[in-house]
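Source: prediction; values computed, not measured. Letters A, B, ... are given to chains in the order of the sequence lines, protein chains preceding strands, and every chain is numbered from 1.
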Amino acid sequence: MTLTEYEQSVLDGDDGPAAALCMRIVVEMAELLGAPGLIEISSAHIDGCLYHGDGGVEFAQRLVEDGAHVVVPTTLNVGALDLLNPSRVNADPHSYQMARRQMAAYETMGCTPTWTCAPYQAGHRPGLGEHVAWGESNAVAFANSVLGARTNRYGDFMDICCAVVARAPYVGLHTDEARLATVIVDTSAVSEKLKRADVFFPVLGSWFGKTLGGRIAVIDGLPPSTGEDQLKALGAAAATTGAVGLFHVAGITPEAPTVDAALGGRQAEDVIRLTPEAVRAARDELSTVARESIDAVALGSPHFSLEEFAQLEGLLPERRFEIPFYVCTGRGVLEQLDAEGRTGPLVDVGVEIIVDTCVVVTPILPSAGGTLMTNSGKFALYSPSNIGYDVAYGSLEDCVASALTGRVERDEAVWS
Amino acid sequence: MTEIRGRVVFDGEAEGPFLRLGAPISFWGGVDPKSGTIADPRHPDYGAEITGRILAIPETVGSSSSSAIMLELLRNGSAPAALILGQVDAILVLGLVVARELSYKTVPVVELATEATAALRNGELVRVTSSGSVQAV
């Protein structure tokens with residue numbers, strides 16, 4: 001692998017021990033992946049600020065002690081605490097203290113404390129063809145697919161290393177070749193009505209990730225109405241069930257004006273037809289329980305956008321919800337809701353707004369367990385293992401209706 | 001018996017009972033770093049202990065926090081004895097690279113096509129050498 005004179009000098013310690021450590025890790029990963037060299041990056045998004053155990057804190061503190069500082073604009077993913085409402089998280093004192101320390105270390109290194117898994121809806125939007133180093137699987141999928149920026153799926157710790165040295169291995173999704181689709185997903189057998197519905201997208205994503213694994217596909221046949229929050233939901237679910245860092249949607253995403261363009265003019269290796277039966281099976285797999293009572297509703301994985309709040313506001317009932325109703329979002333979105341006087345009516349019906357974190361990465365829900373209803377594919381997929389809750393999947397409308405009765409209420413018409 | 005040899009991704013030697021996962025996994029959300037067990041109720045190997053195992057993983061999916069779970073497994077002493085990856089996964093290996101920087105005990109990683117280990121049975125004692133050889137003992 002070839003390093004520039006500058007890169008070699010950083011590796012040799014000319015920029016101090018922290019930069020040398022970060023460059024050592026970046027170079028070792030580049031060699032492992034067979035990269036011919038490194039590429040300069042213009043921004044980073046850090047997933048490594050979430051507490052999983054003391055190792056992550058030790059690494060962050062080692063970087064701080066060695067004087068690490070990011071040299072590109074860098075946003076932060078969720079941490080394990082709601083810093084604005086600390087009592088919301090039921091962490092034990094040790095975990096609480098360590099999570100706080102870990103979050104603080106990343107701020108000390110110069111990262112912007114956005115604390116959101118949807119940085120792309122918090123003003124961090126790299127342009128088409130821009131090289132970046134992002135962590136957080138849904139953010140990676142969004143940056144590549146919807147914005148056309150270029151990042152590999154960077155794991156926790158690699159993200160901060162790239163941000164400190166402004167370099168990433170020049171390999172994988174940073175290169176033109178690896179971004180071309182080799183598979184066509186044909187959705188023509190799915191009804192147009194369903195394809196316009198928000199509730200379809202996490203289901204499509206969950207199926208997509210499981211079916212495609214890490215292969216790059218172009219999805220054909222989605223309607224022109226397909227919006228940013230729908231693509232966000234698709235990518236988040238796909239990146240949960242698969243190793244999906246990039247997908248194309250013909251006529252919608254920037255590198256797929258046409259199916260042919262997404263394929264780079266080559267023949268597809270495979271055409272996969274999405275059948276209505278496969279859609280129903282994927283939908284059913286998102287739930288772990290049949291129709292029964294539910295204990296809470298949680299929305300906002302990835303973090304709820306202002307537009308999604310507007311949708312929720314349009315559905316707000318006259319009376320309070322019967323069960324806890326959590327919406328997870330970024331503090332930037334909450335600030336805007338506050339500024340526009342929109343928070344009060346939400347709180348009045350029982351909406352609990354969680355910021356800086358979310359309900360599947362840290363203990364917020366009552367530890368007794370139960371059943372969680374959600375419109376998020378990612379919540380549906382991670383809740384059973386992470387927080388021990390069963391899951392009922394449904395649309396935003398279903399979630400609101402169910403929170404009023406404490407039982408799963410589903411509008412089946414959209415699936416027919 | 002013919003020798004099975006893969007690409008050495010991360011140096012080391014190990015011996016332990018073999019465990020091949022029956023489905024792709026995300027370590028974050030799929031593995032409990034404290035107990036060293038498969039924690040995802042939807043996974044076919046739910047409940048299986050991976051600590052000390054020669055763990056063959058056909059495919060990794062999901063979270064970019066899987067590197068952090070790998071790091072915690074190593075820190076807690078609950079890691080597999082070795083990883084045999086069907087295809088090299090930068091996120092998991094990153095956990096090892098960081099662990100070495102923090103002077104935690106690391107484990108070997110070998111990249112080896114899933115078919116190549118098909119003859120190995122779960123529970124069978126297997127040795128991984130520093131040259132990437134994967135052999136029933």
Would a 4.5 Å heavy-atom cut-off, applied to side chains only, mark A:Glu28 and B:Arg100 as touching? yes
Any side-chain to backbone donor/acceptor pair from B:Ser64 onto A:Gly155? Under 3.5 Å, distance only. no
Atom group of B:Ser65 that falls short of 4.5 Å from chain A, counting heavy atoms: both
Closest approach of A:Ala243 and B:Thr60, non-hydrogen atoms and distance? CB-O, 3.7 Å
With side-chain contact (heavy atoms from CB on, under 4.5 Å) as the criterion, how do B:Trp28 and A:Asn386 come out once you've worked through the C-alpha distance, each side chain's angles and the decisive distance to 0.1 Å? CA-CA 9 Å; B:Trp28 187 78; A:Asn386 282 12; 3.1 Å; yes
Interchain contact, B:Val97 with chain A, by part (heavy-atom threshold 4.5 Å): side chain
Do B:Val93 and A:Leu32 pass the side-chain contact (heavy atoms from CB on, under 4.5 Å) test, and can you show the C-alpha distance, the side-chain angles, and the key distance before you say yes or no? CA-CA 9 Å; B:Val93 178; A:Leu32 178 82; 3.7 Å; yes
d(B:Ser67 OG, A:Met29 CE) to nearest 0.5 Å is 8.5 Å
Once rounded to the nearest 0.5 Å, what's the spacing between atom NE2 of A:His52 and atom NZ of B:Lys34? 12.0 Å
Would you say A:Arg153's side chain and B:Gly62's backbone share a donor-acceptor pair under 3.5 angstrom? yes
What's the spacing between A:Tyr382 OH and B:Arg42 CZ if we round to 0.5 Å? 11.0 Å
The interface call for B:Leu94 against chain A, heavy-atom contacts under 4.5 Å, is both
Within residues 101-117 of chain B, the residues sitting under 4.5 Å from chain A by heavy atom, in sequence order, are B:Glu101, B:Leu102, B:Tyr104
B:Arg127, CZ atom: more than 12 neighbouring heavy atoms under 6.0 Å: no
Closest heavy-atom pair, B:Pro41 versus A:Pro384, reported as atoms and distance to 0.1 Å, is CG-CB, 3.8 Å
Per-residue tally against chain B (heavy atom, under 4.5 Å) across A:Val140, A:Leu33, A:Ile25, A:Asn152 peaks at A:Ile25
Chain B shares the most heavy-atom pairs under 4.5 Å, among A:Ser137, A:Gly135, A:Cys161, with A:Ser137
Do you know which of A:Val361, A:Thr240, A:Asp54 has the most heavy-atom pairs with chain B at a distance under 4.5 angstrom? A:Asp54
So what's closer than 4.5 Å to chain B heavy atoms on A:Phe59: side chain, backbone, both or neither? both
